Amino acid sequence: MAEVAAAQSTEALKVTSIKSLAESPALNSVPSAYGFTINPNDEADPNDPEFAIPIVDMSLLTSGSPEQRSKIIHDLVKICQEWGFFIAINHGVPESLMKAMIETCHGFFSLPDEEKNEFKSGNDVLEMFKYGTSYNLALDKFLLWRDFFKVRVHPEFYSLYKPACFSEVSMEFSKRAREVALEITRAISESLGLEPNYIHNAMNMDRGIQMLAANYYPPCPRPEHAIGIPHHTDHGLVTLLIQNEMKGLQVEHNGKWLTVDGPPNGFFVNLADQMQILTNGKYKSVMHRATVNNKATRISIAIPHGPSVDTVVAPAPELLEKEGQAPKYLAMNYKEYIQLQQSGKNYMKSTFDHIRV
């Protein structure tokens, strides 16, 4: 058995995609290069009221009465402080468009490896587009049970040229998702007692970075011994995420990992690092990860939204004055922050440790 595992491990390092490995008839265990252990004792009971995921009805923000909007903004304070995560419903993006985006991404991952490899590039997270498996083979202590691609869709819109429908679908989906994200940042600004456009203006979101990142997690023979993406926080301001019918996203809440479930037309919304810095730690950048299963392929699409690359992010002076606080984080250029997060010394560690005052 050891010889088989060693052979599979060596083979794993040669594969260009996890999809190819997972479809191999000889695969009956997880190659050692992918070895990762999930502790079931760390997982939350989804039936425990303590782990009831907050839901935000976006229609009450955009077209509700002043009282309804005010209540949602009031509720956001507790959600952003305690969770840093919620599910957005009634957001105005058609479910048909969300499904079309997932199907289009599935179409890309179904292309032959040699065609997908046309989109391979370096390790710069802000490149126009990037395709790969795992994360960074030079840094990874274990390989990830996923294939992925990332495309930059704002401030300039880029697209994959395969499959043929990708550009049209991704442009419309990215535009509509951006509208939702900007409405969320307006509401978060108000929840902090600031003007609705404060975050948008302070973070230069008119030229802010928006990515479209799709992940492909095929069935895994021993899902408890592999990971799709290990625990991490996102580097931007706010990330929206959709998925097909398979669950796998887990968020950390009160020291436990909760598997997120929600309506098929909802957006999973998580706050990210620049939001925690801007709010001086009042609002939480949520730790999350992606698990895998042995039943069916999971596809997720994350749409991270961040400041412009040249924005220097620091705790908002207006908040510091209002709360009577000293800044907890050093100011840092957003692009430099991304590079710090992606560097080897921060592998699976918090970047906040490097910028705390």
Side-chain angles (χ1 to χ4, degrees), residues 43-64 68-69 71-99 101-102 173-174 176-188 190-191 210 212-215 217 228-229 231-234 236-254 256-272 275-276 283-291 293 298-305:
E43 301 204 6
D45 176 2
N47 298 314
D48 186 334
E50 178 188 349
F51 296 100
I53 296 170
I55 294 177
V56 172
D57 186 340
M58 296 294 294
S59 69
L60 300 183
L61 281 176
T62 55
S63 55
Q68 288 172 320
R69 179 178 171 83
K71 182 182 184 309
I72 293 286
I73 288 169
H74 178 266
D75 291 346
L76 272 174
V77 176
K78 188 175 182 183
I79 292 170
C80 294
Q81 285 179 323
E82 296 181 4
W83 280 85
F85 182 87
F86 59 90
I87 298 174
I89 61 170
N90 299 328
H91 43 67
V93 181
E95 187 175 355
S96 58
L97 179 59
M98 298 166 83
K99 285 182 174 177
M101 190 70 255
I102 290 171
F173 176 76
S174 299
R176 299 295 295 271
R178 184 167 188 80
E179 291 168 1
V180 176
L182 294 180
E183 188 59 49
I184 288 169
T185 59
R186 281 192 287 270
I188 290 175
E190 288 189 66
S191 76
Q210 178 184 346
L212 189 149
N215 295 290
Y217 309 98
I229 305 177
H231 63 272
H232 66 286
T233 58
D234 293 347
L237 286 162
V238 62
T239 300
L240 275 55
L241 183 138
I242 63 172
Q243 62 184 11
N244 65 355
E245 65 280 358
M246 299 305 297
K247 292 180 286 190
L249 174 66
Q250 291 189 331
V251 297
E252 188 181 44
H253 183 65
N254 293 346
K256 295 283 188 180
W257 287 104
L258 175 66
T259 299
V260 178
D261 198 4
N265 61 340
F267 275 113
F268 299 155
V269 180
N270 68 268
L271 303 191
M275 190 69 78
Q276 182 166 323
Y283 287 176
K284 173 182 176 180
S285 178
V286 68
M287 190 74 75
H288 53 289
R289 68 186 185 185
T291 58
N293 73 83
R298 174 174 179 253
I299 292 177
S300 71
I301 303 170
I303 313 96
H305 299 77

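Fair warning: this is a prediction, and the values are worked out from it, not measured in the lab.
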Residue pairs, two or more places apart or on separate chains, that pass side chain to side chain donor-acceptor pair (under 3.5 Å) and touch residues 49-63: E50-N254, D57-S59, D57-N90

Hey, could you give me the CZ/CG distance between R69 and L61, rounded to the nearest 0.5 Å? 5.5 Å

As an exercise, state the distance from OG1 of T233 to CZ of R289, rounded to the nearest 0.5 Å. 15.0 Å

Taken to the nearest 0.5 Å, the spacing of I79 CD1 from I55 CD1 works out to 9.5 Å

Judged by atom type as modelled, is there a donor-acceptor pair below 3.5 Å linking the side chain of Q210 to the main-chain atoms of S174? yes

Indicate yes or no: at least one non-hydrogen side-chain atom of R186 is less than 4.5 angstrom from one of L182. yes

Atom of K256, atom of A44 and distance for their closest heavy-atom approach: CB-CB, 3.8 Å

Among pairs that include at least one residue of residues 80-99, which meet ring-ring contact (aromatic ring centres under 6.0 Å, His included), considering only residues two or more places apart or in two chains? W83-H253, H91-F267

Is there a side-chain contact between Q276 and L271 in this structure, where contact means two heavy atoms from C-beta onward sitting under 4.5 Å apart? no

Chi angles and distances behind the side chain to side chain contact (heavy atoms under 4.5 Å, CB included) call for F173, I303: CA-CA 10 Å; F173 176 76; I303 313 96; 3.7 Å; yes

Step by step, would you call H305 with T185 a side chain to side chain contact (heavy atoms under 4.5 Å, CB included)? CA-CA 10 Å; H305 299 77; T185 59; over 6 Å; no

Nearest heavy atoms of P263 and I87, plus distance in Å: CD-CG2, 4.2 Å

Among all residues two or more places apart in sequence or in another chain, which pass the ring pair (Phe, Tyr, Trp, His ring centres under 6.0 Å) test with Y283? none

What's the spacing between L258 CG and E252 CD if we round to 0.5 Å? 11.0 Å

Which atom pair, heavy atoms only, marks the closest approach of N265 to M98? O-CE, 3.6 Å

Could you pull out all residues at least two apart from H288 that satisfy ring pair (Phe, Tyr, Trp, His ring centres under 6.0 Å)? H232

Could you give the side-chain donor-acceptor pairs of residues 236-247 under 3.5 Å, partners two or more places apart or in another chain?
from	atom 1	to	atom 2	distance (Å)
T239	OG1	D234	OD2	2.8
Q243	OE1	R298	NE	3.0
Q243	OE1	R298	NH2	2.8
N244	OD1	M246	N	3.2
N244	OD1	I299	N	3.2
N244	ND2	T297	O	3.0

Does any part of the side chain of S300, heavy atoms only, come nearer than 4.5 Å to the side chain of L249, both counted from C-beta? no

Does the T259 side chain pair with the main chain of Q250, one donor and one acceptor, at a distance under 3.5 Å? no

Would you check, one step at a time, whether the test side chain to side chain contact (heavy atoms under 4.5 Å, CB included) holds for V251 with N270? CA-CA 9 Å; V251 297; N270 68 268; 5.9 Å; no

E179 side, atom CD; R176 side, atom CZ - distance, nearest 0.5 Å: 5.5 Å

Write out all pairs satisfying salt bridge (Lys or Arg N to Asp or Glu O under 4.0 Å) with one or both partners inside residues 74-97, taking only residues at least two apart or from two chains. K71-D75, E95-K99

Within this structure, what is the OG1-CD distance for the pair T291 and E43, rounded to the nearest 0.5 Å? 7.0 Å

